[in-house]
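Residue numbers start from 1 in every chain, and the chains themselves are labelled A, B, ... in the order their sequence lines are given, proteins ahead of strands.
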Number of protein chains: 2
Amino acid sequence: MRVKTLCLGALCLGDATGYDIKKLFENAFNHFHSASFGSIYPSLKKLEEEGHVSHRVEAGEKHPDRKLFRVTDEGRATFLAQLAQTPASEQLRSEFMVLLFFAHLLPTEILQQKLAEMEAHYSQELNYLESLSGCEGHTSGIDFTIGMGKSVLRTKLDYLHHHRETLLASHQNRPDSQNIRQTESSS
Amino acid sequence: MRVKTLCLGALCLGDATGYDIKKLFENAFNHFHSASFGSIYPSLKKLEEEGHVSHRVEAGEKHPDRKLFRVTDEGRATFLAQLAQTPASEQLRSEFMVLLFFAHLLPTEILQQKLAEMEAHYSQELNYLESLSGCEGHTSGIDFTIGMGKSVLRTKLDYLHHHRETLLASHQNRPDSQNIRQTESSS
DNA sequence: GGACTCATGTAAGCTGTTACATGATTTC
DNA sequence: GAAATCATGTAACAGCTTACATGAGTCC
């Protein structure tokens, strides 16, 4: 789902500025999507041209002027239709898995470092999702995504803890630890 | 990690054609990355221009002519360096989570359908990874990625099974089931 | 005869990121 | 006084996908 559609969706939850939407991406959407200013502001512009949103300017005394966007009836209907059409799917992009896939080409210390890095990442994300659980005002759907995210992260951390040592042990004993270059001459 | 680097990595596992590499993306890399012909062939071309790979043509009798690529010493070194530099990270892009996040805007039947769709997806992917577990010739790193993938998918399926009914129940009783348009007049 | 697999490649276009440009206010 | 937060936007570019173009062999 493109950023434009997601911006429209964000505005279906309440009026907001481009800046507010960026924060939504950084917080609520963070564990399943991302977007930068460079895609959010042009998206809002296009949405307005298409009549899906409108805006009014709030003059600021204690903050800069802000453009507060609001979804139109037409925009809401469009989002609903797009949502219903979207097939349920998921795509992981994991540099960590790439690293593991080619782990036999890396020195053990580096592998160890990557594992530690990933564990820290997972822990941090889990902490964040746990902090969200305490908050109120979530729909049942949002609770579901948070709950699922937490379960998955716990599984990943468990998996790391239980298989880390085995992996590192067999990594050190792997064939051609240092003689990759020699193998090549056999052609 | 860009497709070009991944192609170089693929060739570090053995000589291959562009077509072979596409299959690798569809199979082995499938659960953490993807790429199409339109990015693979140009990548191989660039890699050759840069001296990271070379190729020889295998004339086919029972199959079309194929360009068999091989990594050079320089290419191998470059890949190793790039691999060691790559930070361990992960990014999920989930339309399913988006759907759940906005679930309160969808009719219950549609939500139900999306949940079923996702369950089918997860089951299919789990079956595939389970079929891989039986195969031999995996490095410990690859086994790790497969094992982790399986654990995660089982967790997701479990979560779906345990929370599906609760979600659907509270979805049907949600406020403003059908009166989204009325709410709007209060501005 | 039709569908699928094997095999290579290009061109147009979409989507999004990074970096730049600007500037006020608030917090430490 | 420095750094962070609030706030908006553009331009250049990267990277990838989709669709097209082509064609032989194999399996049902």
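Contacts of B/G38 with the nucleic acid, taken as non-hydrogen atoms under 4.0 Å apart, include base atoms.
Checked against C/dT8, C/dT15, C/dT10, the side chain of A/R2 finds its nearest nucleotide in C/dT15. Among the nucleotides C/dT8, D/dT18, D/dT8, the one closest to any side-chain atom of A/T17 is D/dT8. Considering only the side chain of B/P42, C/dT10 comes nearest among D/dC16, D/dA7, C/dT10. Side-chain atoms of A/Y19 lie closest to D/dA7 of the nucleotides C/dT8, D/dA7, C/dT17.
The NZ-P distance, from B/K46 to D/dA14, rounds to 9 Å in whole Å. Here C/dG16 presents its P atom at 14 Å from CD1 of A/I21, a figure rounded to the nearest Å. Residue B/E26 contributes atom CD, which lies 12 Å from atom C1' of C/dC6 at whole-angstrom precision. Distance, B/R93 CZ to D/dT17 C1': 13 Å, rounded to whole Å. Atom P of nucleotide C/dA7 and atom NZ of B/K67 are separated by 14 Å, given to the nearest angstrom. Rounded to an integer number of Å, the gap from CZ of B/F37 to P of D/dT17 is 12 Å. Remark: P of C/dG16 and NZ of A/K22 are 14 Å apart, rounded to the nearest angstrom. Look at CZ on A/F69: it is 12 Å from C1' on D/dA7, rounded to the nearest Å.
The phosphate of C/dT15 has neither OP1 nor OP2 within less than 4.0 Å of any side-chain N or O from A/S39. Between A/S36 and the phosphate of C/dG16, there is no side-chain N or O to OP1/OP2 separation shorter than 4.0 Å. Proximity of A/K45 to the phosphate of D/dT10: a side-chain N or O atom is located under 4.0 Å from OP1 or OP2.
In this structure, A/K114 forms no cation-pi arrangement with A/F96, as its terminal cationic atom is not both closer than 6.0 Å to the ring centre and no more than 45° off the ring axis.
Between B/Y159 and A/F144, the gap from one ring centroid to the other is short of 6.0 Å.
A salt bridge is absent between B/R70 and B/E48; no separation between the charged side-chain nitrogens and carboxylate oxygens falls under 4.0 Å. A salt bridge does not link A/D15 to A/K67: none of the charged side-chain nitrogens sits closer than 4.0 Å to a carboxylate oxygen. Salt bridge status for B/K4 with B/E50: present, with a side-chain N to carboxylate O gap under 4.0 Å.
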